[in-house]
Amino acid sequence: MNVAILGCGYVGLELGRQLTERGHDAVGVRRSEEGIEAIEEAGFEAVQADVTDADALEAVPDVDAAVFAASSGGRDAAAAREVYVEGLRTVIDHFAGRENPPERLVYTSSTGVYGDHGGDWVDEETPLEPTTEKTEVLAEAERVALEAAADRGIDGTVARLAGIYGPGRTRLERYLEGPVTEGYLNMIHRDDAAGAVRHLLTEDLARGEVVLVVDDEPVSKWAFADWLAEECGEERPPKQTTEERLEEDLSERAKRRLLTSKRCSNEKLRGLGYEFAYPTYREGYRDEIAAYRDRSA
C-alpha cells in the first residue's frame, strides 16, 4: 500500500515508521524544512508542500490512501478553518481530480467535538455538541471528510483521536506539581494513535465511518495524578474543583474546555481487531516514570 501522510507531524511520523516497517510505502508531506528533515530522519520519503495549496500538492506522488493529519498550530478558529476545512477540501478536490486517485482518505479529528456529557460515556453514535469555535470547525471537517470525499469517489474515514501523549509529550511535571483540576482524561499513546490509523488502512476497515481512537481506561484527573505521584515517589499534588478553577482569570476557550466532561469508549476499535501497544496510561507512562525516578535518584 502507498500512503501519503499530509501534515506529517507527531503522529504522522510514527504512522510512516509503522507502515514502512511492515513493507508499505509512505510519503510524508510538511511545509517546513525542519519538518522535511524529521520525515527523512524517520526513514521514509518526504515532500515539501502546503496542504492548502493545490499546485504544491502536485509534488505528492499517486497513492492508494491519503491521511490528513495537518495541524493549525494551536491558532484561532479562523486558522483552524483554513487548514481543517478548506485545506481538506483542497486535498480532496486535488487527489480526486487525478488520473489515479486514492481509494481512501483518513482524517484525524478530535474527541473535543463531543462537548460536555457530564462524565457519561460517549461513542461513535453519540451526537456531537462542540462547545468552541475551533471544535465546531473540527466537526465540520468531519462532514467534509465523509461527505465531500464520497461525492468525489473517495471513501472517507474519521479517526477521532483522544488526548495524545508519548515521548516528549507527557506533561508529567505538570501533574506532579498541581494543582490538578477535576474531570476525566481520555488518552491515547502516540504509537497507538498511529497504530489505529495504520490498522484501519492496512486491514481495509471502516470505510465511510467514524472510529473513536482512545485507550481502554478513561481516568479521573485526580486519580491519575495521585497514581503518577505514587509511581514517581512524590507527594500527592494539590487538587482543585472546577468551580475553584473557574474563579481564576481564564480565557473563554479555557472556561469552555473545563466545562466538558466525558468518557470515550473504544469498543468499536477493539471490535475491529486493533491490539493496543499501551492499553492504559499505566503501560504508556512506564518509561517516563522510570526516567523520572532515575533523574531524581
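We use all heavy atoms of the structure for the numbers below, so side chains are in, but hydrogens, waters and symmetry mates are not. Residue numbers count from 1 along this sequence.
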- Using salt bridge (Lys or Arg N to Asp or Glu O under 4.0 Å) as the criterion, list what pairs up with R89, not counting sequence neighbours.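 Testing R89 for salt bridge (Lys or Arg N to Asp or Glu O under 4.0 Å), a comparison that skips the adjacent residues, returns none.
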Please report the interatomic distance [atom1]([X]) to [atom2]([Y]), rounded to the nearest 0.5 Å.
X    : Y    : atom1 : atom2 : result
T157 : L105 : OG1   : CG    : 8.0 Å
Y84  : E140 : OH    : CD    : 13.5 Å
D294 : I289 : CG    : CD1   : 12.0 Å
C264 : Y114 : SG    : OH    : 6.0 Å

Give a yes or no on this: more than 12 heavy atoms of other residues, nucleotides or ligands lie within 6.0 Å of atom [atom1] of [X].
X    : atom1 : value
E173 : CD    : yes
E248 : CD    : yes
E243 : CD    : yes
E203 : CD    : yes
R236 : CZ    : no

- Message: Which label fits Y278 and H189: parallel for a plane angle under 30°, tilted from 30 to 60°, or perpendicular past 60°?
- Response: parallel
- Taking 4.0 angstrom as the limit, do E124 and R160 come out as a salt bridge? no
- Task: Indicate yes or no: does E231 engage R282 in a salt bridge with an N to O separation below 4.0 Å.
- Result: no
- Message: Can you give me the closest heavy-atom contact between T52 and G87, atom names plus distance?
- Response: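 Between these two residues, the closest heavy atoms are CG2-CA, 4.0 Å.
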- Item | Residue pair R207, E103: steps toward the salt bridge (Lys or Arg N to Asp or Glu O under 4.0 Å) verdict | CA-CA 10 Å; R207 291 184 182 230; E103 288 188 15; 2.8 Å; yes
- Item | Check: Y165/E288 side-chain N/O donor and acceptor closer than 3.5 Å | no
- Query: Can the ring centroids of F68 and F95 be said to lie less than 6.0 angstrom from one another?
  - Reply: no
- For E14, which of R190, R169, R198 qualifies under salt bridge (Lys or Arg N to Asp or Glu O under 4.0 Å)?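 Testing E14 for a salt bridge (Lys or Arg N to Asp or Glu O under 4.0 Å) against R190, R169, R198 leaves exactly one candidate, R190.
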- Message: For residues 55-64, which residue pairs pass the salt bridge (charged side-chain N to carboxylate O under 4.0 Å, His left out) check, not counting sequence neighbours?
- Response: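 Listed by first then second residue: D62-R98.
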